[in-house]
Amino acid sequence: MNYTLRYAGEHGTFSFGADSGFIVEHFSDPTGQCVAFTTSAGIYGVGQKIEAASVSPKSFTISGTISGAAAHQKQRLLTAFAPQTRGTLIFDDTYQIDVAVQNSPTIESYDTNPRFSLMLFAAFPYWRDTTSQTTALIGLIKKHRFPLTIGPHTFAVKTEAQFVNVFNDGSVPGRWVLELRADAPLVNPMIQNVRTGEIVRVNRAMDTGERIVIDTTGAELTVTGYTPDNTRYDAFRYLDIDSVPFPLAVGDNLIKADAGAHRAGLTAILSVCAYRAGVTP
């Protein structure tokens with residue numbers, strides 16, 4: 001096992017490897033993906049025409065040996081991967097994927113060095129980086145934190161670019177979290193994919209200090225608002241009906257931030273996770 005494998009679940013973090021005593025001998029499969037096709041008959045009845053394609057959910061099998069005396073270790077394994085629990089599988093401390101327990105552990109009855117096997121299910125089959133890339137699209141961007149040493153300092157920089165290139169270095173289209181912040185009163189903040197013309201717009205007049213966070217990284221799209229005193233509320237109803245939470249293409253993406261009125265009061269921050277169809281050590 002020339003990689004690290006951890007599971008952050010509902011009962012804490014569980015590590016595989018020699019140090020923990022859970023030796024992984026088989027991990028299948030962190031790389032392959034299965035694509036399901038919807039087809040119709042081809043022209044002249046020859047072959048088929050692909051109408052639609054979707055990437056299927058993915059299962060992971062982890063099997064190996066519990067090293068040494070195993071009575072306590074067996075219970076740890078059974079607790080960490082109990083039925084109907086969920087967590088995050090972390091590969092080499094670099095990539096992660098959300099999973100649910102599909103098959104809870106089966107463990108041999110031996111008191112010493114028993115073998116074990118379990119299966120995890122990923123409804124969304126792509127891995128994502130454990131770190132994200134943050135890009136300022138527009139607005140007042142903080143440059144320093146207190147305390148500071150004595151001397152000249154730039155506390156913030158105002159960016160006014162018409163559009164910003166957001167680079168996705170993943171192997172598949174990426175998802176993102178957008179923070180829209182009102183540094184002064186403004187109306188109807190939005191972002192636009194310059195290449196496709198798709199927009200994400202919030203139909204709301206925002207007061208100074210108000211924030212709206214749009215998150216496309218989960219199983220469902222969420223829109224969360226924060227008042228100036230940081231009180232949280234569901235802001236999904238303010239999302240424009242024509243909004244398309246577009247994925248970021250692999251490579252370059254030109255993104256524009258704007259507002260229906262008082263654009264100068266807007267700060268827009270886009271945080272992007274790179275997604276991978278497969279990972280290797």
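Scope of the values below: all heavy atoms of this structure, side chains included, with no hydrogens, waters or symmetry mates.
Although no hydrogens or angles enter the test, the distance criterion places no donor-acceptor pair under 3.5 Å between the side chain of Asp129 and the main chain of Thr131. Checked by atom type and distance alone, the side chain of Asp240 never pairs as donor or acceptor with a backbone atom of Asn203 at under 3.5 Å. Looking only at distances, no side-chain donor or acceptor of Ser243 sits under 3.5 Å from a matching main-chain atom of Ile241. Panel note: side chain Asp92, backbone Thr94; no donor-acceptor pair is recorded below 3.5 Å. The backbone N or O of Gln75 sits less than 3.5 Å from a side-chain atom of Thr79, completing a donor-acceptor pair. Of the possible donor and acceptor atoms, one in the side chain of Asn168 sits under 3.5 Å from a partner among the backbone N and O of Leu248. Proximity of a side-chain donor or acceptor of Gln133 to a complementary backbone N or O of Val166 within less than 3.5 Å is not detected.
Considering Trp176, Tyr126, Phe124 in turn, Phe124 is the only one that fulfils the ring pair (Phe, Tyr, Trp, His ring centres under 6.0 Å) rule with Tyr275.
In terms of the side-chain contact (heavy atoms from CB on, under 4.5 Å) criterion, residue partners of Pro247 (sequence neighbours excluded) are, by chain and number, Pro173. Listed by chain and number, the residues in a side-chain contact (heavy atoms from CB on, under 4.5 Å) with Val279 are Pro30, Phe91, Tyr95, Trp127, Arg276 (sequence neighbours excluded). Take Tyr226 and apply the ring pair (Phe, Tyr, Trp, His ring centres under 6.0 Å) test, not counting sequence neighbours, and it matches no residue. Contacts of Ala36 classified as side-chain contact (heavy atoms from CB on, under 4.5 Å), with partners at least two apart in sequence or in another chain: Ser54, Ser56. For Phe116, there are no ring pair (Phe, Tyr, Trp, His ring centres under 6.0 Å) partners at least two apart in sequence or on another chain.
A donor-acceptor contact closer than 3.5 angstrom links the side chains of Ser40 and Glu51. No donor-acceptor contact under 3.5 angstrom links the side chains of Thr88 and Gln96, judged on distance only. Side-chain contact, Thr65 with Asn113: no donor N or O sits under 3.5 Å from an acceptor N or O.
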Worked check of salt bridge (charged side-chain N to carboxylate O under 4.0 Å, His left out) between Glu210 and Arg181: CA-CA 6 Å; Glu210 195 172 350; Arg181 186 176 74 232; over 6 Å; no

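Taken to the nearest 0.5 Å, the OG atom of Ser104 stands 7.0 Å off from the CG atom of Leu78. Between atom CG of residue Leu186 and atom CG of residue Asp207 there is a gap of 9.0 Å, rounded to the nearest 0.5 Å. Distance CG/Asn165 to CG/Asn253: 7.0 Å, rounded to 0.5 Å. Rounding to the nearest 0.5 Å places CD1 of Ile191 at 10.0 Å from CD1 of Ile199.
Residues Arg204 and Tyr238 share a closest heavy-atom pair of NH1-OH, 3.0 Å. Scanning both residues, Val101 and Pro83, for their nearest heavy atoms gives CG1-CA, 4.5 Å. When all heavy atoms are compared, the tightest approach of Ile66 to Ile107 is CD1-CG2, 4.2 Å.
With a 6.0 Å radius and a threshold of 12 heavy atoms from other residues, nucleotides or ligands, Lys74 has its NZ atom above the threshold.
Between Arg211 and Glu179, at least one side-chain nitrogen of the basic residue sits less than 4.0 Å from a carboxylate oxygen of the acidic one, meeting the salt-bridge criterion. Looking at Arg6 and Asp93, a side-chain N of the basic residue comes within less than 4.0 Å of a carboxylate O on the acidic one, giving a salt bridge. Using a 4.0 Å cut-off between charged nitrogen and carboxylate oxygen, Asp98 and Arg128 count as a salt-bridge pair.
Every pair passing salt bridge (charged side-chain N to carboxylate O under 4.0 Å, His left out) that includes a residue from residues 18-37 is listed here, sequence neighbours excluded: Glu25-Arg115.
Under the 6.0 Å cut-off for aromatic ring centres, Phe16 and Tyr7 do not qualify, their centroids lying 6.0 Å or more apart.
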